[in-house]
**Student:** 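Mind having a look at this structure? Questions to follow.
Counting begins at 1 with the first residue of the sequence. Quick note: numbers below take in every heavy atom, side chains included, and nothing from hydrogens, waters or symmetry partners. Read the numbers this way: they start at 1 and go in the same order the structure lists the ligands and their atoms.
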Amino acid sequence: MTAPFFEVENLYVSFAGRQRLFQPTMPSTKAVNGISFTIEPRRTFGLVGESGSGKSTVARAILQLTPISAGRIRLDGVDVTRVQSDDELAFRKRVQAVLQDPFSSLNQVHQVRTIVGDGITRHFGIKPGPEREQRILGLLDEVGLTGEFLDRYPYEMSGGQRQRVSIARSLAVEPDLIIADEATSALDVSIQSQVINVLRRVQADTGVGILFIGHDLEVVRHMSDDVGVMYLGFLVEAGAAEGVYESPSHPYTEMLIASAPVPDPEAQEERRRLRRTFRRDTEPPSPSDLPPGCPFESRCPVSMDICSREMPTATVARHGGYVRCHLHTSGPILAGESVVDFIRSATTRK
Ligand SMILES: Nc1ncnc2c1ncn2[C@@H]1O[C@H](COP(=O)(O)OP(=O)(O)OP(=O)(O)O)[C@@H](O)[C@H]1O
Ligand code: SF4
Ligand SMILES: [Mg+2]
């Protein structure tokens, strides 16, 4: 069997607790707790979850911006978990980031020509001149911008245009993988879909793999082939996007879906009813003090005794991916029912 193109295996990231004068050291924050996934060329893996669930920490760990506590990251079968400084340039060429706020990630004192062209010079040795100019124009065209933008500064562009420049800058080094962390979250809805279409076209043209991180479930669904759902640093469910969205297997995934608005009033009412069954007023546990059992237990409407005692193991879900929930392992609890039907009937019985 060939190795996956990109693989995150059993990744853990903890942040050391703060040292305070004359007070005990704060406990460490367990931001990412043993998550694994793979991305193949031309595929997008979407990561969703509430704020603080650890999505950006995963991105930063892959980009080597945050030290990892345990686990492995491999690119083309090669271990890139801790890239040595000699290999850093090669790694930065292969893995690029597109972040939420292009205004702060683009150098304000440079024109688009330099912002996009720098990587071409650094990684391919092509000095400023006609050849580099042609490449920059080609990249701008790829992201839907004209040569008119060559002389613009970031502050002379809209948010959507800046994000296109940010994508062109990433593409300039011909990466194998793009980490897009909330890349469209700060944009208006119509601009969001334009930028997503740019990313999809770029992927079709270049074959780049994408890790797409977002809050908005529909945006992530639209963009992704596969998705992973994160809660308190755990990947509680993962699989093909259609399967996870159409047939969620984890109560938390169901809660996220029920929280997203839909235009149909009847469907919206049904979601509202389902949403009420979750204990949304309950604070999730602190990532500095994780419970021994299921991290979602305090909010789950169908928790059982075992849930507060034992962490569920990963099992195969109905959609063919995997889920971490005792409903799927502790006896025939679901009896063939989907999780959403089970929650409905269990909460009606109560
Ligand atoms: N540098 C840091 N030092 C200490 N704790 C951190 C640090 N960065 C993140 N955390 C903590 O790690 C957890 C995960 O944060 P992270 O930013 O990865 O979440 P997220 O899913 O990206 O959230 P959001 O959707 O708001 O961007 C949070 O509890 C956060 O407070
Ligand atoms: S393991 Fe238990 S508490 Fe956790 S999501 Fe499943 S049923 Fe709910
Ligand atoms: Mg984040």
**Student:** Do the side chains of Arg221 and Glu246 get close enough for a salt bridge, i.e. N-O under 4.0 angstrom?
**Tutor:**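 Salt bridge flag = yes for Glu246 with Arg221.
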**Student:** As an exercise, identify every atom of ligand 2 less than 4.0 angstrom from a heavy atom of Cys307.
**Tutor:**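 In order of number, 1 (S), 2 (Fe), 3 (S), 7 (S).
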**Student:** Ligand 1 versus His215, non-hydrogen atoms closer than 4.0 Å: side chain, backbone, both, neither?
**Tutor:**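 The part of His215 near ligand 1 is the side chain, not the backbone.
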**Student:** Tell me which protein heavy atom sits closest to atom 18 (O) of ligand 1, plus the residue, atom name and distance to 0.1 Å.
**Tutor:**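 Ranking protein heavy atoms by distance from atom 18 (O) of ligand 1, first comes Thr57 OG1, 2.5 Å.
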**Student:** Please check if the side chain of Arg132 supplies one atom and the backbone of Gly117 the other of a donor-acceptor pair under 3.5 Å.
**Tutor:**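 Pair found, side chain donor or acceptor close to backbone of Gly117.
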**Student:** For atom 21 (O) of ligand 1, what's the nearest protein heavy atom and its distance?
**Tutor:**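 Nearest protein contact, heavy atoms only, for atom 21 (O) of ligand 1 is Lys55 NZ, 2.8 Å.
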**Student:** Can we say Glu148 and Arg152 salt-bridge, meaning some charged N sits less than 4.0 Å from an Asp/Glu carboxylate O?
**Tutor:**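 Salt bridge present between Glu148 and Arg152.
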**Student:** Atom 10 (N) of ligand 1: which protein heavy atom is closest, and how many Å away?
**Tutor:**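 Here the closest protein heavy atom is Phe15 CE1, 3.5 Å.
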**Student:** If we ignore angles and hydrogens, is there a donor and acceptor under 3.5 Å between the side chains of His319 and Glu237?
**Tutor:**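 Result is yes, a qualifying pair exists.
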**Student:** For Gly52, state whether at least one heavy atom is located under 4.0 Å from any atom of ligand 1.
**Tutor:**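 So Gly52 counts as touching ligand 1.
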**Student:** Do the side chains of His328 and Val339 get nearer than 4.5 Å, heavy atoms only?
**Tutor:**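 SC-SC contact between Val339 and His328 confirmed.
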**Student:** Show me which atoms of ligand 2 lie under 4.0 Å from any heavy atom of Cys294.
**Tutor:**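 Counting atoms of ligand 2 from 1, those under 4.0 Å from Cys294 are 1 (S), 3 (S), 4 (Fe), 5 (S).
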**Student:** Within the distance-only criterion (no hydrogens, no angle test), does the side chain of Gln111 pair as donor or acceptor with the backbone N or O of Tyr153 below 3.5 angstrom?
**Tutor:**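 No; judged by distance alone, with no hydrogens or angles, the pair does not exist.
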**Student:** Using a strict cut-off of 4.0 Å, indicate which atoms of ligand 2 neighbour a heavy atom of Leu327.
**Tutor:**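 Going through ligand 2 atom by atom, the ones under 4.0 Å from Leu327 are 7 (S).
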**Student:** Quick check: does Ser56 have an N/O/S atom under 2.8 Å of the Mg ion (ligand 3)?
**Tutor:**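 Within the cut-off used here (under 2.8 Å), Ser56 does place an N, O or S atom near the Mg ion (ligand 3).
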**Student:** Sub-3.5 Å donor-acceptor pair from the side chain of Ser166 to the main-chain atoms of Arg162, do we have one?
**Tutor:**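 Flag not set: sc Ser166 to bb Arg162 has no pair under 3.5 Å.
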**Student:** Does the protein put any heavy atom within less than 4.0 Å of atom 30 (C) of ligand 1?
**Tutor:**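 Protein heavy atoms within 4.0 Å of atom 30 (C) of ligand 1 - there are none.
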**Student:** Which atoms from ligand 2 have a heavy atom of Val302 less than 4.0 Å away?
**Tutor:**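 Within the 4.0 Å cut-off of Val302, ligand 2 contributes 7 (S).
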**Student:** Does Gly49, backbone or side chain, put an N or O under 3.5 Å from an N or O of ligand 1?
**Tutor:**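 No; every N/O pair is 3.5 Å or more apart.
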**Student:** Using the ring of each side chain (for Trp, its six-membered ring), is His250 parallel, tilted or perpendicular to Tyr252, with breaks at 30° and 60°?
**Tutor:**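 His250 vs Tyr252 ring planes: perpendicular.
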**Student:** May I ask which of Ala16, Ser51, Pro284 has a heavy atom nearer to atom 26 (O) of ligand 1 than the others do?
**Tutor:**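 Result: the heavy atom closest to atom 26 (O) of ligand 1 is in Ser51.
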**Student:** Nearest to atom 12 (O) of ligand 1 by heavy atom, Ser185, Ser56, Ala31, Pro287: which?
**Tutor:**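 When every heavy atom of Ser185, Ser56, Ala31, Pro287 is considered, Ala31 comes closest to atom 12 (O) of ligand 1.
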**Student:** Of the protein's non-hydrogen atoms, which lies at the shortest distance from atom 11 (C) of ligand 1, and what is that distance?
**Tutor:**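 It is Thr29 CG2, 4.0 Å.
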**Student:** Distance under 4.0 Å to a non-hydrogen atom of His250: what atoms of ligand 2 satisfy this?
**Tutor:**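 Numbered from 1, ligand 2 contributes 5 (S).
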**Student:** State the atoms of ligand 2, each with its element, that fall below the 4.0 Å cut-off from a heavy-atom position in Pro251.
**Tutor:**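 Here the atoms of ligand 2 in question are 5 (S).
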**Student:** Looking only at side-chain N and O atoms, does Ser56 offer a donor or acceptor that is under 3.5 Å from a partner on Asp181?
**Tutor:**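 Per modelled atom types, Asp181 and Ser56 side chains form a pair under 3.5 Å.
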**Student:** Sub-3.5 Å donor-acceptor pair from the side chain of Thr206 to the main-chain atoms of Val202, do we have one?
**Tutor:**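 It does hold such a pair.
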**Student:** Hey, is there an N, O or S on Cys325 sitting under 2.8 Å from atom 6 (Fe) of ligand 2?
**Tutor:**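 Of the N, O and S atoms in Cys325, at least one lies under 2.8 Å from atom 6 (Fe) of ligand 2, which means yes.
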**Student:** Can Arg135 be said to sit on top of Phe124's aromatic six-ring, NZ or CZ under 6.0 Å from centre and within 45° of the ring axis?
**Tutor:**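 Yes, Arg135 lies over the aromatic ring of Phe124.
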**Student:** When you look for heavy atoms under 4.0 Å from ligand 1, do you find them on the side chain of Ser53, its backbone, both, or neither?
**Tutor:**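 Ser53 to ligand 1: contacts from backbone and side chain alike.
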**Student:** Among protein heavy atoms, which sits nearest to atom 1 (S) of ligand 2, and what does the distance come to when rounded to 0.1 Å?
**Tutor:**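 Looking at atom 1 (S) of ligand 2, the protein heavy atom closest to it is His326 N, 3.2 Å.
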**Student:** Using only atom types and a distance under 3.5 Å, with no angle test, would you say the side chain of Thr81 pairs donor to acceptor with the backbone of Ile73?
**Tutor:**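 Pair found, side chain donor or acceptor close to backbone of Ile73.
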**Student:** Just how far is it from atom NZ of Lys93 to atom CD of Glu88, taken to the nearest 0.5 Å?
**Tutor:**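 Here the interatomic distance stands at 15.5 Å.
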**Student:** What atoms of ligand 2 come within less than 4.0 Å of a heavy atom belonging to Cys300?
**Tutor:**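 Every atom of ligand 2 under 4.0 Å from some heavy atom of Cys300: 3 (S), 5 (S), 7 (S), 8 (Fe).
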